[in-house]
Each structure stands twice: as structure tokens, then as C-alpha cells.
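Order of the sequence lines fixes the chain letters, A, B, ..., with proteins taken first and strands second; residue numbering starts at 1 for each chain. From a predicted model like this one, the values you see are computed outputs, not experimental measurements.
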Amino acid sequence: MDLEFGEKYETLRAQARDFARSSWPLQGDEAKLPEREQGILWKERAIAAGFLHRTVPAAYGGGGLEPDVLAETVIRQELDEAGVPHRGSMQGTHMLVPTLLECGTEEQRQAYIRPTLTGVMRWCQGYSEPGSGSDLASLQSRAVVDGDEWVINGQKIWTTQATEAEMMFGLFRTEPDAPKHGGISYLLLSMDTPGIDPRPLQMMQGGLDFCEVFFNDVRIPAANIVGKRGEGWKVSRSTLKHERMLIGDSTGSRKSFEGLLELARNTPRDGRPAIEDPHIRQRIAELEGYVTAREWAVARIISAVAQNDDMKVMDDMLMAKIASTNVTQMTAKIAIDLLGDLGLEEPSGDAIVMGYGGTDAASWVSQYMTSLSGAIAGGSSNIQRNIIGERLYGLPRDRRPEGH
Amino acid sequence: MDLEFGEKYETLRAQARDFARSSWPLQGDEAKLPEREQGILWKERAIAAGFLHRTVPAAYGGGGLEPDVLAETVIRQELDEAGVPHRGSMQGTHMLVPTLLECGTEEQRQAYIRPTLTGVMRWCQGYSEPGSGSDLASLQSRAVVDGDEWVINGQKIWTTQATEAEMMFGLFRTEPDAPKHGGISYLLLSMDTPGIDPRPLQMMQGGLDFCEVFFNDVRIPAANIVGKRGEGWKVSRSTLKHERMLIGDSTGSRKSFEGLLELARNTPRDGRPAIEDPHIRQRIAELEGYVTAREWAVARIISAVAQNDDMKVMDDMLMAKIASTNVTQMTAKIAIDLLGDLGLEEPSGDAIVMGYGGTDAASWVSQYMTSLSGAIAGGSSNIQRNIIGERLYGLPRDRRPEGH
Amino acid sequence: MDFTLTEEQELLQETVRGFVANESPATAVREIFDGERSAKPALWKGLVEMGIAGLTVPETHGGAGLDLLDAALASEVLGHFAVPVPFLEHTLTVTALIEGGGSEQQSHWLPRLANGDALGTVALGEGEDTWQPTHWTARFENDVVTGTKRYVPAAEKAGVFVVGIAGGGLALVDASAAGVTVEPMPTVDRGRPLFTVHFENAAATELASAAAQRVLDAGLVLLAADSFGAADRLIRMTADYANTREQFGQVLAQFQGMKHQIADMAVDVVPTRGMWWYAAHAFDQKMAGAGRAAALAKSHVTDRAQQTARQAVECHGGIGFTWECDVQIWFKRVMQDRLLFGTPERLRENIAATGGW
Amino acid sequence: MDFTLTEEQELLQETVRGFVANESPATAVREIFDGERSAKPALWKGLVEMGIAGLTVPETHGGAGLDLLDAALASEVLGHFAVPVPFLEHTLTVTALIEGGGSEQQSHWLPRLANGDALGTVALGEGEDTWQPTHWTARFENDVVTGTKRYVPAAEKAGVFVVGIAGGGLALVDASAAGVTVEPMPTVDRGRPLFTVHFENAAATELASAAAQRVLDAGLVLLAADSFGAADRLIRMTADYANTREQFGQVLAQFQGMKHQIADMAVDVVPTRGMWWYAAHAFDQKMAGAGRAAALAKSHVTDRAQQTARQAVECHGGIGFTWECDVQIWFKRVMQDRLLFGTPERLRENIAATGGW
């Protein structure tokens with residue numbers, strides 16, 4: 001056990017820090033470009049310098065380096081610290097790109113990966129449907145072949161950034177007579193295709209974080225399929241795996257906890273800071289137990305992955321999502337009690353940020369509501385409980401009607 | 001709404017108080033009798049005076065009065081207050097007697113009810129079996145007819161007072177080929193019949209609160225059946241109903257809460273009583289919310305029953321068991337934290353008392369353990385949750401293998 | 001010993017229920033949430049016509065002369081349907097006048113409040129959870145009030161304010177008095193908007209100071225009742241959803257995990273009904289410990305309701321988190337009920353103190 | 001950055017596991033619970049022969065020279081099998097000598113502790129949760145100690161006592177010294193009995209006072225590790241039971257309610273493993289905040305373990321509540337781990353204070 005990163009990684013860290021500070025903000029005329037274009041420019045340079053998308057093959061526009069989770073960790077810490085625009089749409093870089101690398105054709109890789117990495121091409125995800133939440137494979141949106149095109153009809157929901165994205169990857173039922181999981185294909189759609197209609201969906205805290213997307217005789221090229229017809233379910237699994245991994249990050253929990261501490265320090269209670277109240281101290285200290293547990297669980301996971309020992313940390317990986325949800329919800333509940341009547345303010349409508357630690361009341365009220373989404377998004381907590389019981393303790397699968 | 005009992009019941013209360021004080025303790029030679037015989041003597045007089053078993057028909061040794069839950073409430077309050085030996089074995093008076101009144105033959109009523117009411121005849125209950133907990137109807141102990149006798153083989157478990165009781169009522173499989181619920185009969189056994197072997201079962205806190213009872217070719221008269229062959233399940237339902245009602249009493253919760261307050265007052269913490277600690281105050285005040293809710297829920301039930309309006313309080317009745325369990329467990333958890341290192345003491349081994357509020361550490365440690373039994377005894381909490389979901393909100397029954 | 005409702009009380013609930021079920025369906029409440037908090041004057045007017053505004057006003061002043069318990073029963077129904085009307089604040093104004101008003105104040109205001117000509121509201125807290133009489137700092141001197149009050153319900157439409165003043169008393173201010181300024185606040189429950197109200201040398205008359213604690217206690221009871229009604233509705237909404245929505249070829253309620261979540265919500269909420277019944281009754285009978293019973297009811301019921309509201313969202317899945325799902329309306333109602341007049345934590349400090357601990 | 005165990009550490013766990021799985025099955029632990037706390041000398045002897053007694057004793061004194069993290073890994077395994085041996089107190093005695101002993105004290109005791117000739121124990125608390133050095137009142141003057149210590153593990157068999165003294169320091173007392181009286185206490189975990197020890201002018205030598213907090217911190221880490229191992233075992237026992245026991249024609253685990261209860265137990269416990277790993281590592285590296293990490297680990301892990309133990313009983317149904325069911329053994333182990341050296345609540349007071357809140 002050694003919590004130091006060691007000379008090799010500290011050198012890399014220094015390089016990353018130097019690069020981050022010298023490359024951003026852009027200077028001269030470049031600084032006058034629209035924000036998004038500045039981001040694209042910076043990303044191109046960061047990829048070229050080996051600080052972004054390091055493991056994507058160079059042929060497709062990445063860094064062409066071996067996977068190294070520790071290198072990625074120190075780089076990310078420095079990029080975060082410097083405030084550079086390194087975080088793009090995760091849907092594209094962390095879900096679509098790995099899927100194409102695993103199941104895409106050479107043409108697809110050539111066409112999509114490079115612009116996705118630089119942020120020129122943004123993606124949204126077309127998985128969930130109004131009738132298919134936890135039971136994703138029951139989706140009903142259809143694509144039928146007509147000549148050399150797919151014709152798509154149906155509806156998707158919970159699509160983030162659907163109004164901004166250039167492209168969508170999604171699951172559609174293409175073999176209606178095949179069994180549930182076998183009739184689905186993984187398709188790629190340009191969002192400016194006629195017949196696609198994304199409509200923002202308002203959340204209870206007021207924000208527009210998701211869209212519904214309607215498809216009305218949308219025609220896309222027959223070649224826009226990843227993997228074979230009817231194999232979309234399998235293809236999508238690699239992507240979902242990545243989504244779950246993403247949620248298993250503890251930075252948000254700690255940031256949120258720090259925000260709560262700040263709130264407790266700044267909230268007066270009978271003329272003293274609320275943080276001096278013994279009951280509040282107990283609640284926050286108990287929460288810190290959960291936050292700390294999350295952090296070291298994540299450290300275990302990262303270290304094991306770095307040693308290609310994923311199997312050793314399967315237990316912690318399976319807990320990540322639900323443990324993180326619990327922390328976020330506990331934080332929100334303490335915050336709302338600290339706020340007292342300030343909690344009566346209308347929520348700020350901020351987008352869902354899992355680990356938000358705001359300073360104003362309205363943001364905390366938003367957080368009080370968005371903290372609920374953790375139990376729903378990316379697989380409901382009840383589904384997670386099933387997975388934990390079945391995979392970790394060999395408990396039997398649920399009895400379900402045939403075919404499900 | 002009127003929380004006064006009114007003149008009629010206050011008069012009755014005064015009479016009950018007078019009777020209780022003048023009738024106990026016994027005087028002169030009677031005071032030298034063994035404790036149990038004193039209790040029997042007192043019960044006979046209390047029944048005659050109309051203060052005990054009021055609604056059991058006079059022909060069978062009861063008071064022969066109309067049911068009046070308010071009268072019973074004021075009387076019980078006064079008898080409790082005076083410390084008379086009015087509480088006997090509930091198994092006999094509250095389970096067996098109502099069952100005989102509903103389903104027994106005239107001979108059975110004549111034979112069993114009177115001695116049961118006075119405590120001459122004590123009963124234990126033979127329902128649960130090692131393989132049949134929540135799923136009571138899966139019981140396997142068998143009774144077969146041989147001439148004019150039943151021959152019984154098998155095993156019961158969780159039998160309270162099996163070593164003291166004169167008699168057992170129990171469920172036995174008599175029609176092995178009938179469907180699960182249809183093959184059971186309700187039989188009455190004398191505990192001194194050869195072949196019956198009750199063995200005390202030690203609990204985790206050290207007490208011997210339950211027995212296992214083994215049956216090895218136990219022969220009892222064929223007439224010792226209540227209801228018809230194969231109808232034992234139905235017969236037992238009226239009894240179980242009474243057991244659940246019993247558990248829905250809030251006196252224990254309040255007593256236990258008062259005990260906790262006392263503990264918090266007497267536990268030093270940094271040189272001051274622990275009850276002055278703001279965190280402890282919050283925990284206890286939150287608990288008092290649950291305790292108070294229980295009390296008024298019970299008051300609602302009693303009042304509605306008094307007006308023959310049971311249906312109106314079905315919601316509160318269905319919650320009673322699990323709500324009471326929650327209160328008991330919360331109390332125990334606060335107590336163990338108050339005790340601190342005193343909680344390291346070995347439990348006293350006290351019998352399971354749902355609402356126990358002890359003063360010494362070892363009793364509280366026992367309570368910390370026995371509080372767990374609430375979620376198990378008299379129908380597990382998960383079964384209770386099923387019942388609540390199904391009866392109150394129309395949720396579907398569990399999917400189970402056929403025949404279950 | 002009769003801890004049940006009278007036939008009249010059951011009829012009262014039936015009547016209110018019948019009216020609001022028709023006149024205030026979720027779709028109507030939603031319009032307020034979607035719009036700019038546009039009130040529904042007809043709704044309150046209809047309730048006024050039913051006598052709801054004068055429910056607790058003595059008959060001599062044109063009201064029904066009923067008790068807080070009756071008002072709480074009405075609150076339960078209003079919470080159950082999330083009805084966007086100023087019942088709480090109006091009723092508390094009546095309480096203030098009954099408990100602390102002189103005969104002139106009473107004869108002037110009570111008939112107007114009873115027949116709905118005037119809407120009453122209470123201006124108590126001043127921010128930072130200053131709900132207790134001992135916290136108030138607004139100055140009352142020389143028959144004028146000066147100070148700023150926050151989270152004042154329905155202030156925009158109120159004809160009369162009951163204002164908490166330094167020293168723990170109450171003053172009565174005609175809304176038309178010079179020096180009264182109402183400032184909208186964006187608050188969480190759009191059905192029951194809250195305001196900041198500035199009083200700048202506004203003409204006022206004093207009420208007997210003992211009324212202050214009574215007003216607050218009555219408020220705690222009514223909020224508990226409202227919250228109970230709302231939580232009960234959330235459980236039913238969730239059960240209905242779980243009985244309808246299918247996943248993996250069966251309704252959600254068929255999954256025992258979901259079934260037990262719903263049962264646990266019920267175990268949280270259902271047993272609390274008698275608690276606020278009793279608190280209301282104790283208030284009406286001026287029993288010893290009535291204030292403590294009110295604080296116990298408010299803290300416990302609203303805490304359980306909060307937990308239920310959060311579970312309701314979770315059980316509804318993604319849709320439960322959207323603006324278009326009705327859950328949000330009740331979620332926010334429960335939230336406001338819980339925070340108004342003091343959080344459970346703050347109330348429990350009083351419960352401990354008044355318990356002699 | 002390598003937050004994983006070394007091969008040596010994994011091997012250590014494997015070795016201990018292999019031994020205790022064979023030598024200390026639940027049936028053997030049960031014999032102690034059923035009997036009069038009759039110890040199993042062979043068990044500790046076997047562990048001594050494996051080098052467990054000298055695990056953290058420096059090599060120069062005949063030990064393995066390993067770290068607290070290694071000892072914690074052993075503790076996890078001992079907790080998992082509820083092994084009835086005095087590992088905690090013995091290891092803390094070694095810690096006290098390493099951190100606070102003079103070379104004479106070290107050369108006298110460490111080799112004897114390493115080879116198992118002497119058993120060490122710690123006599124810290126004096127009742128009423130007086131676990132912190134600031135609480136201790138035992139007097140050390142003129143090379144003798146006087147005072148009464150409670151909840152002292154393995155006192156009956158100990159050869160040497162580390163005694164907490166007024167002022168927050170430690171003294172070392174040879175168990176054979178005049179004036180040492182050991183009094184048995186009936187305590188909850190029969191596998192690890194506790195005693196009251198009276199010191200009456202017992203000859204003693206002082207240890208450097210900085211060692212006191214280190215001993216306590218190490219104790220918190222070892223208790224967290226033990227509790228983690230025990231809780232992990234309880235979850236597995238419950239899963240095994242649920243996978244076997246049938247009701248209504250199917251195994252209990254087939255009921256989603258039960259399945260989710262087991263999953264929730266896992267979510268409570270499993271993510272806490274890294275927490276005590278880190279606390280041990282921070283102790284070994286003498287990092288800033290190491291003591292706080294130990295308190296966080298102890299309070300959190302034992303609280304989660306307690307909840308898990310209670311759930312384990314409930315999931316086992318009636319049988320889980322009996323003496324003959326093994327659940328009680330682990331339930332009581334977790335209970336003792338949680339209460340020894342300070343309850344989670346008391347530790348959290350320190351966590352708050354040392355967090356600069």
C-alpha cells in the first residue's frame with residue numbers, strides 16, 4: 001500500500017499542470033472565438049499533447065497510449081484544478097467511442113471517433129422509452145428497412161442534451177418477431193434528419209435537464225447500424241458498463257460534503273453557527289463516515305483496475321451507484337434542515353449535478369430534489385439491489401412472467 | 001370527540017378500584033396458600049364480581065355481560081394500578097376460549113372454559129414448526145386416527161409455557177392428501193399425555209422463553225378436535241386474529257419510553273445527565289413522536305371498536321404490529337447508546353417483554369436483543385408488509401409456486 | 001371516552017371533499033404551478049360559500065362556531081387535494097381574534113372574515129427560523145408597527161394582518177393602512193405563495209399577548225393535518241402507479257421490493273392520524289400540554305410525510321421527478337408544511353424543554 | 001498510488017484464514033459460549049506459532065516487524081470467524097511498548113510477547129465511557145499504580161498490563177506484581193471476556209505518554225477491522241440461510257423483500273473496507289489526521305455492522321433469535337466491538353472537534 005503516486009506519475013502530473021496552465025485560456029484572436037470553438041481547439045491540442053483521450057488509437061484521433069488509470073487520475077486532477085474545458089459530453093466520449101472501438105466498422109470509427117473526441121460531434125443517447133424504464137429491453141420504437149434506409153418511428157425519453165447534440169446513438173426494435181432481447185439493433189442517427197423532434201422535459205425543480213425525442217418516419221442510411229441486426233442489446237452492454245463506471249466517482253460526494261460543512265458554518269442558529277450544535281455535529285460526522293467510505297472504496301477500485309485486478313473489487317464496484325445515491329440523499333436532508341425557512345425558497349432549477357454543493361438556499365433546495373434522481377437514473381436502486389444480491393451472494397433471480 | 005369516560009364508566013372505575021383494593025392481597029389463612037392458588041381464588045371472585053372475563057357467557061363461568069370495550073378499559077386500568085393477579089395466560093383466555101365459543105362443542109365449552117378462566121387450566125399453543133414459520137400452513141406434524149384415538153407424531157416450536165401448561169391446543173395434519181390448507185385439524189391435548197416431550201429453547205439473551213415440543217406416538221381421544229376434520233386452518237383464524245389484537249397495545253411502548261427517559265436522566269455524560277445532551281434530546285423527542293402516534297392510534301381503535309365501527313380503523317389495525325415493533329427497536333437502540341460501556345454487560349436473560357423498561361444495564365442489554373423478536377413473532381414484518389400492501393392498497397399477492 | 005369523529009365532522013369532510021374533488025382537480029392545481037401563481041378566486045369563493053372561511057368564527061359573529069379540530073379535518077382534505085387556498089392563514093387570523101381580540105376588534109373583523117369579505121393572514125417569522133414569539137423584533141409603539149416579516153402566506157390578497165411583535169405579542173394591521181408593502185417571494189409551493197411584508201409605521205391595534213402562542217399552536221396542528229392529507233394522497237398515488245405501470249411483463253406492485261416500500265410508507269404515515277386529532281382536541285379543550293401535543297404532531301407528521309414524499313418520487317421512477325407528474329405538487333406541499341412555523345428539529349428542542357427533561 | 005494489499009498481506013490473510021477455519025469453526029466458538037467461557041489455549045498457541053503474537057513486534061525483538069495494517073488484516077479474519085483469542089489487547093500492548101517503551105522495557109517484554117511467553121493486555125477505561133486519556137484517574141506515583149480499570153480484556157491470563165494513568169499517560173504493570181486483583185465480569189461476548197482489575201500500589205514503570213493516544217487509535221482500527229470481518233460473515237450467513245430455507249414453496253431469497261434486505265446489508269458494510277485499510281495505513285505512516293481516520297473508521301464500521309447484525313437476526317426469523325443459532329455469536333462480537341473504546345456517538349464528538357468544525 002502506497003498512497004504516493006511516485007516519481008513517474010508526479011513528473012506526468014507536473015507536465016499536465018504545465019500544459020494546462022500554458023494552453024488555457026486561449027490567447028489573442030483565439031480568445032475571441034465562440035466558447036465552443038475555443039473548447040474544440042483546446043481539446044485538439046490536449047489530445048495531441050497526450051493529456052486527453054490517451055488510450056484511443058491514434059488512427060482514430062486519440063493518443064494511442066496504453067491504458068493507465070493512474071496516469072489518467074493525475075492528469076484529470078490537474079485539468080480539474082486548472083479549470084480547462086476537458087470535460088465534454090460523456091455520452092460521446094465515454095459511451096459511443098468505446099462501443100465503436102469494440103463493435104463498430106472501420107468506416108464508422110473513421111467517421112465518428114475523431115470529431116467526437118474533439119467535441120465537434122456531440123451525442124445523445126436514445127435508450128429509455130416512456131414504457132421502458134428499468135426494463136429497457138421492452139422498448140418499442142421501431143426501425144424497418146426500406147431500400148437502403150431505416151425508417152424509424154417511436155419515442156425516446158430521458159435524453160440529455162438532445163437539443164444540442166449533432167448525433168444520437170440508440171436502440172430500436174428491428175426484428176419484431178424475435179424474442180425481447182434479440183430483436184433490437186443499435187443505430188446511429190443524425191439529429192438534423194427530418195422527422196426527429198426533441199422536446200425539453202421540465203424537472204420538478206424547474207430545470208430542463210432531459211428531453212423526450214419523437215421519431216416520425218425518420219429515414220437514416222442502412223449502414224448506420226453498429227453490430228448486426230438484432231444484436232443491439234449486446235452492443236449496448238459495453239456502453240452501459242461505462243455509464244455505471246462513471247457514476248462510481250467520489251469527487252462529487254466530497255465536494256457536496258464540503259458544501260454542507262460550509263452551509264453549517266454559515267447558518268446561524270440561536271445566534272451561533274449551526275455547526276456548533278451538538279446534534280448537527282453528530283449528523284454531519286455520521287455523514288462523513290459514508291463519504292470517507294466512498295472515497296476509499298473508489299481508491300480501491302482505481303488501484304485494482306490499474307493492476308488489471310478488477311475482479312478483486314467487484315464487490316465495491318457493484319455498490320458504487322447505490323452507496324453514492326445514499327450519500328447524496330443524506331447530504332440533501334441535512335442541508336434542508338439547516339436551511340430551515342430558507343428551504344421555502346423556490347429551487348434554482350439548476351441542472352442535475354450529483355455532487356452539487358451550493359452556497360445559496362435556492363441551489364440547496366434544487367439539490368434536495370435532484371438528490372432523488374440518483375435512486376432512479378442509470379438503473380433504479382431496486383435493480384441495483386437485485387444485481388448485488390444475485391451476483392455477490394448468489395441469490396435467485398426474480399420470478400417473472402415467461403419471456404421476461 | 002370526548003376523552004372523558006363519563007359518569008357511567010367513572011362509576012364502574014370506582015367500583016373496580018374498590019374491588020381491587022379490598023380483594024387483594026388475600027388475608028388470613030388464604031394468604032398462606034401457594035401463590036398460584038391465591039391467584040385462582042382471586043380470579044374466581046373477580047369473575048363473580050363482574051371484573052374479569054365479563055363477556056364470557058355465565059353458563060361457562062364468565063360474567064355473561066355484553067361486550068363493552070370501554071368498560072374493559074377502565075377496569076383493566078384499575079386492576080393494573082392495584083397490582084392484582086388478573087393477567088393470566090393469554091393463550092388460554094384470549095385465544096382458546098374465543099375459539100371454543102365460536103367453534104367448540106357444548107361438551108368442550110363445559111369442560112375447558114371455566115377452569116381456563118380461573119387459571120386452573122393453563123394452555124400452550126402448538127402452531128409453529130421448525131419448517132413452518134411464516135408459512136404456517138406448511139406444517140407437517142401428523143395426527144392419524146386409530147380406533148377412537150388420534151395418534152400424533154411430529155414437532156412444534158416457539159411454544160411458550162409448554163413446561164407449565166396443563167393443556168395444548170394445536171394444528172396437526174390429519175388429511176395428508178388434501179391441499180395444504182385443507183388437511184389440517186385443530187386438536188386439544190393434555191400435556192401429561194405420554195409421548196409429549198417439551199424442551200426449553202434458550203434465546204440469545206440467555207432466557208428460556210420458548211419450548212420445542214416433541215410428539216412421539218401421543219394418543220389423545222378422538223373427541224379432542226375443535227371443528228371438523230380438515231377445518232383446523234379456518235378454526236385457528238379466529239384465534240390468530242386475537243393474537244394480533246393483543247400485540248396492538250401501546251401501554252408497553254409508553255412504559256418502555258418512560259424507562260428510556262429515566263435511563264437518560266440517570267446516565268452521566270461528561271459530568272451531566274445524558275438527557276441534557278442536545279443530540280440525545282433530539283433522538284428521544286423523535287421517538288416520542290412514534291410513541292404518541294401509537295397511543296392515539298390505539299385510542300382510535302378502541303373507540304371505533306366500542307362503536308362497532310371496526311372497519312373504520314382497519315388501516316390503523318393493520319399497522320399496529322409493525323409500528324409497535326419499530327418503536328421498540330428504536331427505544332432499544334437509543335438505550336444501548338446511552339449505556340455506552342455498560343452495554344458490554346451480559347444480558348440479564350429476562351423473558352421477552354415487548355415493552356420492557358428496565359433500570360439496570362443488564363436488563364437493557366436484554367431488551368436490546370429481545371426488541372428484535374418483534375419483527376419475527378406473531379407474523380414477520382415482511383408478512384405484515386404484504387398484508388398492508390394487499391389489503392389497504394390493493395397491491396397484488398406475491399407470485400408463488402403453485403399450491404402455495 | 002370517544003376518540004372518533006362525530007357524524008357532523010365526517011359530513012364536513014365529505015362536503016369539503018366533494019367540493020374540492022370537483023373544483024380543484026390536480027389539473028387545476030397544475031395550472032397554477034405552470035402559470036404565474038395565478039390564483040383561483042372561484043375556488044376560495046366556493047369554499048367561503050360553504051362556510052369554510054367562517055368555520056371557527058363564533059356564531060354570534062356570523063361563523064359556524066366550530067373548533068380547531070373541525071378546521072384540522074378540513075385541512076386534511078385540502079392537503080389531500082393540494083388545494084391552493086389560504087385556509088391556514090385565514091383560520092389563524094380568526095384564532096388570533098378569538099383568543100386575543102377586544103370586542104371592537106372582533107365585531108369589526110370576525111364577520112368580515114366569516115363571510116369572506118376580508119382575507120386574514122399571519123405575519124410571524126422574520127427569517128432565520130424566528131417563528132417563536134420570543135424571537136420577534138417588529139416594534140409596536142404608539143399604535144404603529146415597524147418591521148419586516150417573511151414567509152407571510154397570501155399577503156398579496158390579505159385584508160388584515162396579524163403581526164408578531166417584540167415582546168411576544170400580536171398586533172392587528174389593516175392591509176390598507178399606509179406603510180404596508182408586500183413583496184413577492186419565489187417560494188417552493190406555488191399553490192400557497194409566501195411573501196415578504198414590510199411594515200413602516202403602519203397603524204395597528206394590539207391583541208392580548210397570550211394569543212400569540214395559541215396562534216402558533218393552532219398553526220402547527222393545521223400544518224400537521226394538511227401534511228397528513230398530502231402524504232396519504234402520495235401513498236395512494238404511488239400504489240395506483242405501481243398497480244398500473246408494467247416492467248418485465250408485470251405491474252411494478254408485483255415486485256415485493258416495491259410492495260414493501262409502499263407498505264413502509266403507510267406504516268410511517270397512517271398511524272399519525274390520531275396524533276393531530278388529539279393535538280387539535282387538546283387545543284380546543286385548552287388541556288395542559290396542548291402546545292406540546294401540537295409540536296409533537298407537527299414535527300412527527302411532517303417528518304414522516306417528507307420521507308413518504310421522497311419515497312413516492314423514487315417509486316415513480318424517472319417520471320416522478322418531472323414537472324408534469326403530479327407527485328411534485330404534493331412533494332412541495334409537504335415540504336412547505338414541514339418548514340413553515342419551524343422545522344422538526346427546532347420543534348423538538350421545545351418538546352424536550354416542555355417535557356421537563 | 002497503490003491502495004491494494006501486497007501479495008504478502010494477502011498470503012497473511014490466507015494463512016490465518018486457513019488456520020482458524022480449521023481450528024476455530026463455529027462449533028468450537030459455541031463450546032465457549034455454552035460452557036463457562038472456557039478458553040481454548042491451543043487456539044492462541046497455534047496462532048502464536050504462526051507468528052501472530054509477534055506480528056507487529058520489531059524483528060530485533062523477535063517479531064515479524066509488520067505494521068498495524070497487517071494486524072488489522074488479521075483482525076478482519078479473526079472477526080470473520082469470531083475467533084476467541086486475545087489478539088486485540090496483545091497487539092495494543094506491543095504498540096504501547098513500541099511507541100512508549102524505553103529500551104529496557106522493550107527488551108524485557110517484546111521478545112516475551114512475540115513468542116507468546118507472556119500475554120499483554122490494556123487496562124484503559126474506568127467505567128462511564130472513560131476511554132479517552134483525559135478521562136483516566138488511576139494514580140501513578142513513586143513507581144506504583146493505584147486505581148480500578150474496567151472492561152479489561154483477557155486480564156485473567158495476562159502477564160503484563162498497559163495501564164492508563166491520570167494525566168493521560170501509560171504505565172506498565174507486571175501481572176505478578178503485588179496489589180493486582182482481577183475480578184471477572186459477565187460480559188456480552190463470551191469469546192472475548194472482560195474483567196475489572198484493581199491496582200493497589202502495584203509496582204509499575206512509566207511509558208512515554210504520547211503512546212496513549214496511539215494505543216487508542218490502533219485499538220479503534222483493529223476493532224473496526226474485526227467488526228468488518230464479523231459483519232461480512234453475518235451477511236454471508238444470512239444469504240446462505242435465505243438460499244436454503246423454504247417458505248411458501250420457495251427459498252426465502254426468492255422473495256424480493258428479503259433479497260433487498262440482504263443487498264442493503266451489503267451496501268452498508270462492503271464499502272467500508274477501504275476505510276479501515278486507510279486508517280491503518282495512516283497510522284503506520286503517522287500521517288496527519290491518522291487518529292481522526294481511526295475514529296471515523298471505528299464509528300462508521302461498527303455502526304453499520306450493528307445494523308447488519310440486527311438485520312441478520314430478523315432475516316433468520318425465530319431461529320435467529322435463539323442461542324443455538326450461530327448468529328448470536330457474531331451479533332455479540334459486533335456489539336462488543338462497537339462499545340469498546342467508545343460508542344460511535346462519543347467518537348463522533350471527537351471527529352467533529354478534530355475536523356475543525
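No other option in B/Val74, B/Leu3, B/Thr73 has as many heavy-atom pairs under 4.5 Å with chain C as B/Leu3. Ranked by heavy-atom pairs under 4.5 Å with chain C, the list B/Glu286, B/Glu4, B/Arg265 is led by B/Glu286. Interface summary for chain C: among B/Gly289, B/Ser381, B/Gly6, the most heavy-atom pairs under 4.5 angstrom belong to B/Gly289. Considering only heavy-atom pairs separated by less than 4.5 Å from chain B, the leading option among C/Leu5, C/Ile235, C/Thr6 is C/Ile235. Of the listed residues (B/Ile322, B/Ile284, B/Asp309), the greatest number of heavy-atom pairs within a distance under 4.5 Å of chain C belongs to B/Ile284.
Within the 4.5 angstrom heavy-atom criterion, no atom of C/Ser299 approaches chain B. C/Asp67 does not touch chain B: none of its heavy atoms, backbone or side chain, sits under 4.5 Å away. Looking at C/Asp284, there are no atoms closer than 4.5 Å to chain B (heavy atoms on both sides), in backbone or side chain. Both the backbone and the side chain of B/Ala299 come within less than 4.5 Å of a heavy atom in chain C. Contact annotation for C/Leu69: only side-chain heavy atoms (C-beta onward) come within less than 4.5 Å of a heavy atom of chain B. Neither the backbone nor the side chain of C/Met258 comes within less than 4.5 Å of any heavy atom of chain B. Interface remark: C/Val301 contributes no atoms to any contact with chain B (heavy atom separation under 4.5 Å).
In summary, of the residues considered (B/Thr325, B/Asn326, B/Leu318), a side chain to side chain contact (heavy atoms under 4.5 Å, CB included) with C/Val267 occurs for B/Asn326 alone.
C/Lys259 places no side-chain N or O within donor-acceptor distance of the main-chain N or O of B/Glu390, the cut-off being under 3.5 Å. Not a single donor-acceptor pair under 3.5 Å links the side chain of B/Asp315 to the backbone N or O of C/Val270.
Looking at heavy atoms from C-beta onward, B/Glu288 lies in side-chain contact with C/Trp357 at the 4.5 angstrom threshold. Proximity of C/Glu10 to B/Lys312: side-chain heavy atoms (C-beta onward) are separated by under 4.5 Å at one or more points. Using a 4.5 Å cut-off on side-chain heavy atoms (C-beta onward), C/Glu349 and B/Gln282 make contact. Put simply, the side chain of B/Arg300 reaches to within 4.5 Å of the side chain of C/Trp277, judged on heavy atoms. Residues B/Ser303 and C/Met1 form a side-chain contact, since some pair of their non-hydrogen atoms from C-beta on lies under 4.5 Å apart.
By the 30° and 60° cut-offs, the orientation of the rings of B/Trp296 relative to C/Tyr278 is parallel.
Within a 6.0 Å radius of CZ in B/Arg391, other residues, nucleotides and ligands contribute 12 heavy atoms or fewer.
For the residue pair C/Gln256/B/Asn382, the side-chain donor-acceptor check at 3.5 Å is not satisfied.
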